[in-house]
Structure formats: C-alpha cells, structure tokens
Q: 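Structure incoming, see below.
Here, residue 1 is the first one in the sequence, and each next residue gets the next number.
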Amino acid sequence: MEKITLKQAYKNYFDIGVAINPGVLEYGHELIKAEFSGITCENEMKPASVQPERNRFTFEKADMLADFAAENNLKIRGHTLVWHNQTGEWMYKDSNKNNLPKEILYSYMQEHIDTVVKRYAGKIYCWDVVNEAVSDIDGEYLREKSPYFEIAGSEEFIEKAFVYAHEADPGALLFYNDYDTENPEKREKIYKLLKSLKDKNIPVHGVGLQAHYDIYFDVGELQKSIDLFSSLGLIIHITELDVSVYKFDERGVDFETLPEDRLKTQTELYSQIFAVLRENKDKIGGVTFWGLDDKASWLNGFPVKRTNHPLLFGRDGKPKEAYGRVTGF
C-alpha cells in the first residue's frame with residue numbers, strides 16, 4: 001500500500017505547512033513538495049531581511065522561496081511585518097539612536113508594509129502582521145521595552161499595522177502571532193488584545209499559535225486556547241509547531257541519540273496534539289511545522305546549542321514514529 005503523506009492525510013481537515021529557508025530548499029525540495037501544502041519563510045520575509053536599511057530592499061531570497069511555492073502550487077504564509085526583533089533600527093531610531101517621533105514611526109511602518117505586502121499580493125494568502133507584542137512579564141500587558149510600544153505608548157501601533165496591511169492587500173488574511181499562547185495568564189492578555197482589535201473593527205482575521213511545545217506539554221491547554229480565541233470569531237493557525245525533547249530550562253543535557261522514553265513521550269504527544277486539532281477542524285485553518293527535519297530545527301541552537309529532535313522527520317530526512325501516528329489516525 002502506498003504511504004499516505006501529511007497533506008493527503010489532512011486534505012479534509014486543514015492545510016499542512018512547513019517553515020523553510022534557501023538551504024533547506026536546496027536539499028529538501030522533493031520532501032517539501034511531497035508532504036506539505038504550504039510554506040512559510042523562516043527568516044527571509046522578516047523586516048531586517050527584506051529592508052535592512054531604509055529604502056534598500058533585498059527581496060532575492062524571499063522571491064526565490066515565493067517562486068518555488070508558486071511553481072509547485074504551495075500556499076505561502078507571510079512572516080512577519082511588525083516585530084521588535086529582526087528589524088533594522090532605522091525603523092524606530094534616528095541617527096543618534098534616539099526613538100523617532102510616533103508620526104515618523106508610523107510612516108516608516110506604512111511604507112514597509114505597503115511595499116512588502118503589495119509585492120506578494122496574490123501569492124501570499126495570509127500574513128503574520130504583528131508578532132509577539134504581548135508581554136511575558138506578570139502584570140505587564142504589552143511589551144513595554146519594545147521600541148514600538150515605547151514610541152506609541154499603547155496598542156495603537158498594532159492597530160495601525162493591521163490597517164496598513166489590509167489597505168495594501170484587502171484579499172489577504174491577517175493574523176496576530178505569538179508564543180506561550182497556552183500559558184493561562186499570557187493567553188488572557190492575548191485575548192484582551194484581540195478583543196480590543198475586534199471591538200474597534202480593526203481588520204484582524206486570525207490568531208497564530210506558535211506551538212513551540214516540549215514533551216511535557218499539557219494538550220488540555222491547547223483546547224482551552226482554541227475555545228477562547230475561536231469565541232472571537234477568529235481563524236486559528238498553528239504557525240510554528242515543534243516538540244522539544246528538553247525542557248526550556250534543562251541545561252547540561254544533550255542527547256545525540258534520543259533515549260527511548262523521550263522518543264515515546266514525544267510520539268504520544270504528537271498523536272494527542274493532532275487528535276485535538278482534528279477535533280477542532282472547523283476552527284483550525286492551517287498547521288505549520290517550524291522546520292523540515294531535526295537537523296534544520298532552530299532548537300539545535302536555542303536556548304542553548306545542543307542536539308534536538310523536535311520534528312516528524314529525523315536528521316536523515318526519514319519519517320519518525322510520530323509521523324506514522326500523525327498520518328495514520
């Protein structure tokens with residue numbers, strides 16, 4: 001019997017995507033085409049990548065990935081337009097390193113969003129418009145040390161970003177994207193932000209749950225997040241899925257070969273995650289893995305350098321046991 005692929009297994013559920021970069025594309029293009037229905041550029045569409053200096057656009061790598069998607073009938077998610085990281089300081093600081101006035105920040109934001117979104121209009125079907133603006137700090141709502149917040153003093157910069165993106169491509173779906181969306185306190189803050197945007201008729205269509213989990217993750221929290229955010233009428237995308245075999249703060253441990261107990265736990269968790277997602281297929285628009293295979297995962301270098309095994313394909317590019325559980329439901 002012919003092996004069923006990820007995109008075949010989920011064709012009646014939701015899109016299955018993968019985050020890639022040019023290096024991964026070079027060796028993994030056949031696997032990408034076979035298994036996935038869409039791609040996200042891992043870094044190549046972030047502000048610092050496409051406009052490292054004001055009015056100097058460097059679209060070559062982003063164009064290459066977008067062209068690959070178009071040539072192979074793959075959907076493409078745009079990631080990301082406004083973020084406090086991986087953005088050139090020109091966006092919010094003057095030549096003396098002082099914060100720009102709010103009006104200039106907004107004009108630069110609009111120029112950037114307008115140029116990037118219009119370039120890919122008709123190719124990119126959805127954008128992560130604002131990334132990680134909600135604070136991780138107890139009692140703090142938005143990231144107050146973000147240069148955007150320091151200048152705007154409120155969520156106004158988030159509202160502006162969505163308006164600018166909608167004006168640039170009225171046909172694109174627009175998402176707010178964040179991590180730790182299953183942390184109860186942060187989840188409530190994200191809900192507060194999204195409800196505020198909806199109440200003001202800001203054109204936000206969905207929420208991206210990054211889903212950087214580890215093998216100790218409680219899938220019950222995922223269901224709570226789906227219930228809460230879908231109550232606002234938002235589309236939910238799982239945007240950056242991986243399952244680390246280490247706790248975030250687990251230092252001094254590095255498994256070149258993954259122990260059987262951790263592999264089994266990861267396999268079971270992947271099965272449980274996708275069971276929840278299938279049960280909520282009317283609320284989930286897409287699921288994207290953050291990396292094609294274990295050797296390409298960002299988790300090999302974050303939060304410390306070590307050998308991680310967080311994805312469905314191993315370092316040899318072959319499917320792991322979890323792949324069979326995810327596709328063979």
Side-chain angles (χ1 to χ4, degrees), residues 1-46 48-50 57-80 86 116 119-128 172 177 208 210-212 237-243 270 274 285-302 307-328:
M1 192 172 88
E2 187 178 349
K3 179 179 78 73
I4 190 168
T5 65
L6 282 166
K7 67 181 179 182
Q8 289 169 339
Y10 286 90
K11 65 181 180 181
N12 296 323
Y13 289 86
F14 35 72
D15 295 323
I16 297 284
V18 60
I20 63 172
N21 58 53
V24 169
L25 183 61
E26 191 172 323
Y27 74 81
H29 52 277
E30 293 302 330
L31 185 61
I32 295 163
K33 290 190 289 184
E35 295 286 344
F36 299 96
S37 52
I39 66 166
T40 299
C41 295
E42 190 174 13
N43 290 294
E44 288 68 29
M45 288 187 182
K46 290 174 180 175
S49 296
V50 295
F57 289 92
T58 50
F59 284 117
E60 293 80 10
K61 291 180 180 179
D63 284 351
M64 182 179 71
L65 296 175
D67 289 346
F68 169 77
E71 290 163 7
N72 293 285
N73 198 30
L74 298 169
K75 288 186 168 183
I76 184 166
R77 297 187 89 258
H79 178 78
T80 178
Q86 289 180 257
V116 176
R119 184 179 188 87
Y120 298 107
K123 292 183 177 181
I124 289 181
Y125 82 102
C126 70
W127 278 98
D128 291 328
N177 191 56
Q210 289 187 13
H212 293 299
H237 280 189
I238 307 299
T239 54
E240 306 182 20
L241 177 61
D242 47 31
V243 178
Y270 261 122
F274 274 85
V287 176
T288 296
F289 291 87
W290 203 249
L292 178 63
D293 54 31
D294 286 346
K295 71 174 177 288
S297 173
W298 72 301
L299 290 172
N300 291 306
F302 179 88
T307 309
N308 215 318
H309 311 262
L311 296 163
L312 296 186
F313 296 93
R315 279 174 163 68
D316 56 4
K318 294 179 180 178
K320 292 152 66 173
E321 186 179 346
Y323 174 96
R325 295 288 294 277
V326 168
T327 58

Q: Report the C-alpha separation of Phe59 and Glu44 in whole Å, then their side-chain angles, then the decisive distance to 0.1 Å, and conclude whether the side-chain contact (heavy atoms from CB on, under 4.5 Å) test is met.
A: CA-CA 8 Å; Phe59 284 117; Glu44 288 68 29; over 6 Å; no
Q: Should Ile32 and Leu74 count as side-chain neighbours, where that means a heavy-atom distance under 4.5 Å?
A: yes
Q: Would a 4.5 Å heavy-atom cut-off, applied to side chains only, mark Phe36 and Thr5 as touching?
A: no
Q: Under a 3.5 Å cutoff, is there a donor and acceptor pairing between the side chains of Asp15 and Tyr10?
A: no
Q: Parallel, tilted or perpendicular: which fits the ring planes of Phe274 and Phe14, with parallel below 30° and perpendicular above 60°?
A: tilted
Q: Measure across Leu299 and Pro310 and return the closest heavy-atom pair with its distance rounded to 0.1 Å.
A: CD1-CB, 3.8 Å
Q: Please verify the inter-ring angle class for Tyr270 with Phe289; under 30° counts as parallel, over 60° as perpendicular, anything in between as tilted.
A: tilted
Q: Side chains of Trp127 and Arg77: does their closest heavy-atom pair fall under 4.5 Å?
A: no
Q: Would you say that more than 12 heavy atoms from the other residues, nucleotides or ligands in this model lie under 6.0 Å from the CG of Asp316, or not?
A: yes
Q: Are Glu240 and Trp298 side-chain neighbours, meaning at least one heavy-atom pair lies under 4.5 Å?
A: no
Q: So, Asn300 versus Arg315: side-chain donor-acceptor pair below 3.5 Å or not?
A: yes
Q: Is any side-chain heavy atom of Asn43 less than 4.5 Å from a side-chain heavy atom of Asn21?
A: no
Q: Once salt bridge (charged side-chain N to carboxylate O under 4.0 Å, His left out) is applied, do any residues pair with Lys33, and if so which ones, sequence neighbours excluded?
A: Glu30
Q: Determine whether Asp293 and Leu311 make a side-chain contact, defined as any pair of heavy atoms from C-beta on separated by less than 4.5 Å.
A: no
Q: Is it the case that the side chain of Thr288 and the backbone of Ile39 share a donor-acceptor pair, with hydrogens and angles ignored and the cut-off at 3.5 Å?
A: no
Q: Test salt bridge (Lys or Arg N to Asp or Glu O under 4.0 Å) on Glu35 and Lys3; report intermediate values, then the result.
A: CA-CA 11 Å; Glu35 295 286 344; Lys3 179 179 78 73; 2.8 Å; yes
Q: Answer yes if the side chains of Ser297 and Asn308 hold a donor-acceptor pair under 3.5 Å, and no otherwise.
A: no
Q: Report yes if the side chains of Asp63 and Arg119 come closer than 4.5 Å at any heavy-atom pair, otherwise no.
A: yes
Q: Around Lys295, counting heavy atoms of other residues, nucleotides and ligands shown, do more than 12 lie under 6.0 Å from its NZ?
A: yes
Q: Quick one: are Thr239 and Thr40 in side-chain contact, heavy atoms under 4.5 Å?
A: no
Q: For Ala9, is there any backbone N or O sitting under 3.5 Å from a side-chain donor or acceptor partner on Thr327?
A: no
Q: Taking His309's backbone N and O only, do any of them form a donor-acceptor pair with Lys320's side chain (distance below 3.5 Å, no angle check)?
A: yes
